[in-house]
Amino acid sequence: RPIEKREATARRQRIGRTARSFGFRGCVEYRHVYSQTGGAQFCLGPNADADLLVVYAEAFERDRNPDDFSLEAIVAHECGHQRLLRDRTLVSIGHRLAGGIYEEVLASLLGSFVVGESRDAEYLVWKATVDLASVGMSPEDAIRTIEDLRRLLRELA
């Protein structure tokens with residue numbers, strides 16, 4: 001459904017503040033459309049200032065559901081993608097584990113650090129764990145892998 005101009009402006013301001021507070025560099029946009037991407041998308045530009053973070057309408061719907069990801073968790077995950085591709089200390093890990101599910105796992109874990117000790121951090125770690133399990137990793141191996149990756153990322157980040 002259409003939203004008022006005032007609501008669209010408020011959404012743009014909120015996602016801009018949130019992304020900047022998480023260290024995002026580049027352009028931040030809101031699009032009042034449904035993307036089926038989970039609510040947001042990171043687009044790599046030729047440099048960090050040209051990177052793009054697009055947040056879609058479903059991110060705000062998910063944010064209203066207390067059992068789903070908050071807008072902050074969604075944006076933090078996308079900011080994790082940028083850090084993975086732009087932070088020199090993380091690039092080598094990103095290249096070694098790039099592609100497929102590992103990029104999503106690493107983005108979620110990096111996002112879990114920027115939201116601090118919160119329910120959002122917990123949800124992002126759970127998402128990473130489920131992502132590993134979804135490709136056939138046993139629950140025990142998924143948990144061990146997440147713990148190892150979090151330890152490594154904490155040392156590097």
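The analysis underlying the following values was restricted to heavy atoms, covering all of them including side chains, and did not include hydrogens, waters or symmetry mates. When a residue number appears, it is its place in the shown sequence, counting from 1.
- Across all non-hydrogen atoms, the minimal contact from I74 to G38 is CD1-O, 3.9 Å.
- Grouped with Y34 in a hydrophobic cluster is no other residue, since no side-chain heavy-atom contact under 4.5 Å to another Ile, Leu, Val, Met, Phe, Trp or Tyr is found.
- Listed here is the closest heavy atom pair of V115 and A76: CG1-CB, 3.5 Å.
- Nearest heavy atom pair, residue A59 against residue G39, reads CB-O, 3.4 Å.
- Between R17 and E72 no salt bridge is recorded (no basic side-chain N to carboxylate O distance below 4.0 Å).
- One hydrophobic cluster holds both I3 and L71 under the rule that ILVMFWY side chains link at heavy-atom gaps under 4.5 Å.
- A ring-ring contact (aromatic ring centres under 6.0 Å, His included) check over residues 126-157, counting only residues at least two apart or in different chains, returns the pairs Y123-W126.
- Counting only distance, with no hydrogens or angles, the side chain of Q41 and the backbone of V54 share no donor-acceptor pair below 3.5 Å.
- Scored by the salt bridge (charged side-chain N to carboxylate O under 4.0 Å, His left out) test, R144 finds D141 as partners (sequence neighbours excluded).
- For the salt bridge (charged side-chain N to carboxylate O under 4.0 Å, His left out) test, residues two or more places apart in sequence or in another chain that qualify with R25 are D49.
- To the nearest 0.5 Å, atom CD of residue Q82 and atom CG of residue D51 are 4.5 Å apart.
- The nearest pair of heavy atoms linking L153 to F113 is CB-CE1, 3.6 Å.
- For the atom pair CZ (R154) and CG (L110), the distance works out to 11.5 Å, reported to the nearest 0.5 Å.
- Residues V28 and L85 fall within the same hydrophobic cluster, defined by Ile, Leu, Val, Met, Phe, Trp and Tyr side chains chained together at heavy-atom separations under 4.5 Å.
- To the nearest 0.5 angstrom, L124 atom CG is 6.0 Å from S112 atom OG.
- Interatomic distance, E122 CD to K127 NZ, rounded to the nearest 0.5 Å: 16.0 Å.
- Between L53 and A40, the shortest heavy-atom distance links the atoms CD1-CB, 4.5 Å.
- Without hydrogens or angle criteria, R83 side chain to L90 main chain gives no donor-acceptor distance under 3.5 Å.
- No continuous path of ILVMFWY side-chain contacts below 4.5 Å connects I143 to L149, so the two sit in separate hydrophobic clusters.
- Qualifying salt bridge (charged side-chain N to carboxylate O under 4.0 Å, His left out) partners for D120, counting only residues two or more places apart in sequence or in other chains: none.
- Side-chain atoms of E103 never come within 3.5 Å of backbone atoms of H81 as a donor-acceptor pair (strictly under, hydrogens ignored).
- The distance from atom OH of Y102 to atom CG of L109, rounded to the nearest 0.5 Å, is 11.0 Å.
- The distance from atom CG of L156 to atom OG1 of T89, rounded to the nearest 0.5 Å, is 5.5 Å.
- With no hydrogens or angles considered, a side-chain donor-acceptor pair links E104 and H77 at under 3.5 Å.
- Scanning both residues, R20 and F24, for their nearest heavy atoms gives NH1-O, 3.2 Å.
- Salt-bridge formation is not detected for the pair D63/R11: no Lys NZ or Arg NE/NH1/NH2 atom is positioned less than 4.0 Å from an Asp or Glu carboxylate oxygen.
- V130 shares a hydrophobic cluster with no other residue; no ILVMFWY side chain has heavy atoms under 4.5 Å from its own.
- Side-chain N or O atoms of T18 include none that pairs as donor or acceptor with a backbone N or O of I15 at under 3.5 Å.
- Linking Ile, Leu, Val, Met, Phe, Trp and Tyr residues whenever their side-chain heavy atoms come within less than 4.5 Å leaves Y56 and V75 in two separate clusters.
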